[in-house]
Amino acid sequence: MNDPSPSAFFPAEDIPAGRCNETVILIHGLWTPALVCAPHSHWLKKRGYRTRRFGYHSVRASLSENAAQLQSFVAQTDAEIIHLVGHSLGGLLILEMLFNTADPRLRRAVLLGTPCHDSYCGRQLIDLPLLPSLLGKSTMEWLSRGPDSTALRHAEVEVGVLAGTRSVGLGRVVPDLPLPNDGLVVVDETRLVGATDFITLPVAHSEMLFSPQCAEQIAFFLASGRFEHRGVE
């Protein structure tokens, strides 16, 4: 995949560069392999970061089990500073891990389309035959806890939340999915109490994985602890 062109939102010279002593761990979402994080891994390496992709069983293993594996993966990562980037369910793994423990090397995390608050689509789908099995143990464990069960415990880790507003995807077949949404996750569902910053972009849920706009915002947040809001409606 080609490198993203300079952002239309702000000049390239304003974009902070990464440092080789910082490693970014990328975590995929439901039904996808770690390979889907390759574009963001490539772009972050261009910024000077080292990257690792964490793969896990999004269907067969529970949220607690996957979060424990992520914790071990972080512990085995040789880096002075570690950042986390999680897409959708991957963001929930990050929050689950941070709620139970925190490595002192963890600095910042970006959640992409993560339903921190609740999931309208998920709760509609679990009532259909066979869907609970397809949604998997991790999603079902999280939904069983009820709305607002996700929390951020370790304030020393700065968390940025990015939500999409392009309503294209599976959610279009779910009746009355509230707007705005990214085609699967409602914007209001992504809001996290205690997050350092929040931003919306005109991208769909899966588009976040290969969006140059998202790549720019991830890089900005990892470098500065904030998103670049200039030029973004």
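Because the structure is predicted, anything quoted here is derived from the model rather than measured.
- Judged by distance alone, the side chain of Gln71 and the main-chain N or O of Thr101 form no donor-acceptor pair under 3.5 Å.
- For the pair Gly164 and Val187, the tightest heavy-atom approach, listed with the atom from each and the gap, is O-CG2, 3.5 Å.
- Residues Ser72 and Gln76 are in side-chain contact: their nearest non-hydrogen atoms beyond the backbone lie under 4.5 Å apart.
- The hydrophobic cluster containing Leu35 does not contain Val24, counting ILVMFWY residues as joined when their side-chain heavy atoms lie under 4.5 angstrom apart, directly or transitively.
- The two residues Pro178 and Val186 have their closest heavy-atom pair at O-CG2, 3.7 Å.
- To the nearest 0.5 Å, atoms CH2 (Trp142) and OG (Ser62) are separated by 15.0 Å.
- Using a 4.5 Å cut-off on side-chain heavy atoms (C-beta onward), Leu63 and Leu93 make contact.
- In this structure, Glu80 does not pair ionically with Arg107, as no charged nitrogen and carboxylate oxygen lie closer than 4.0 Å.
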Inset, instruction - Start with the C-alpha distance between Thr190 and His117, add both sets of side-chain angles, then the distance that settles side chain to side chain donor-acceptor pair (under 3.5 Å), and finish with yes or no. - result: CA-CA 6 Å; Thr190 67; His117 171 63; over 6 Å; no
Inset, instruction - In sequence, state the C-alpha distance, the side-chain angles, and the governing distance for Cys121 and Leu177, and then conclude on side-chain contact (heavy atoms from CB on, under 4.5 Å). - result: CA-CA 7 Å; Cys121 278; Leu177 180 64; 3.7 Å; yes
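- The closest donor-acceptor contact from the side chain of Ser88 to the backbone of Gly90 lies at 3.5 Å or more, if one exists at all.
- Using a 4.5 Å heavy-atom threshold, the side chains of Ile27 and Leu70 count as touching.
- The closest side-chain heavy-atom distance from Asn181 to Val185 is not below 4.5 Å.
- In this structure, CZ in Arg105 is found 12.0 Å from CG in Asn21, a value given to the nearest 0.5 Å.
- Checked against His87 for a side chain to side chain contact (heavy atoms under 4.5 Å, CB included), the options His40, His28, Met208 give a single hit: Met208.
- A parallel orientation is assigned to the rings of Tyr56 and Phe54, their planes being inclined by less than 30° (bins at 30° and 60°).
- Listed here is the closest heavy atom pair of Pro115 and Leu92: O-CD2, 4.0 Å.
- Of the inter-residue distances, the one linking Ile218 atom CD1 with Arg47 atom CZ reads 10.5 Å to the nearest 0.5 angstrom.
- Between Asp118 and Arg123, at least one side-chain N (NZ, or NE/NH1/NH2) sits under 4.0 Å from a carboxylate O, which counts as a salt bridge.
- In terms of modelled atom types and a separation under 3.5 Å, the side chain of His83 and the main chain of Arg108 share a donor-acceptor contact.
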Legend entry - Evaluation steps, side-chain contact (heavy atoms from CB on, under 4.5 Å), between Ser58 and Asn66: CA-CA 8 Å; Ser58 63; Asn66 284 325; 5.6 Å; no
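- Salt-bridge formation is not detected for the pair Glu22/Arg50: no Lys NZ or Arg NE/NH1/NH2 atom is positioned less than 4.0 Å from an Asp or Glu carboxylate oxygen.
- Both the sub-6.0 Å distance and the 45° axial angle are satisfied by Arg191 relative to the ring of Phe198.
- Nearest heavy atoms, Thr114 versus Gly86: OG1-O, 3.9 Å.
- The side-chain tip of Arg52 points at the ring of Phe73 from less than 6.0 angstrom away and within 45° of straight on.
- Residues Ile199 and Glu228 share a closest heavy-atom pair of CD1-O, 3.7 Å.
- Here Glu141 does not pair with Lys137 in a salt bridge; the nearest charged N to carboxylate O distance is not below 4.0 Å.
- Side-chain atoms of Ser138 come within 3.5 Å of backbone N or O of Ala61 as a donor-acceptor pair.
- Atom OG of Ser206 sits about 11.5 Å away from atom CG of Leu112, to the nearest 0.5 Å.
- Remark: the backbone N or O of Gly136 is not paired with any side-chain donor or acceptor of Arg60 at under 3.5 angstrom.
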Inset, instruction - Please assess Asp197 against His229 for the test side chain to side chain donor-acceptor pair (under 3.5 Å), listing each intermediate value before the final yes or no. - result: CA-CA 10 Å; Asp197 203 358; His229 294 272; 3.0 Å; yes
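- Between the side chain of Thr196 and the backbone N or O of Glu158 there is no donor-acceptor pair closer than 3.5 Å.
- Residues Ser41 and Tyr49 are not in side-chain contact: their nearest non-hydrogen atoms beyond the backbone lie 4.5 Å or more apart.
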Inset, instruction - Check step by step if side-chain contact (heavy atoms from CB on, under 4.5 Å) holds for Met97 and Val74. - result: CA-CA 10 Å; Met97 183 195 71; Val74 169; 4.0 Å; yes
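- Side-chain contact between Leu84 and Val110 is absent, with no heavy atoms from C-beta onward closer than 4.5 Å.
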Legend entry - Derivation of the side-chain contact (heavy atoms from CB on, under 4.5 Å) call for Leu201 and Cys214: CA-CA 8 Å; Leu201 293 178; Cys214 288; 4.0 Å; yes
Legend entry - Working for ring pair (Phe, Tyr, Trp, His ring centres under 6.0 Å), residues Phe221 and Phe227: CA-CA 5 Å; Phe221 188 87; Phe227 293 118; 5.0 Å; yes
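- Taking the side chain as every heavy atom from C-beta outward, Leu95 and Leu111 approach each other to under 4.5 Å.
- In this structure, Ile25 CD1 and Arg53 CZ are separated by 13.0 Å, a value rounded to the nearest 0.5 Å.
- Across all non-hydrogen atoms, the minimal contact from Pro39 to Leu209 is CB-O, 3.7 Å.
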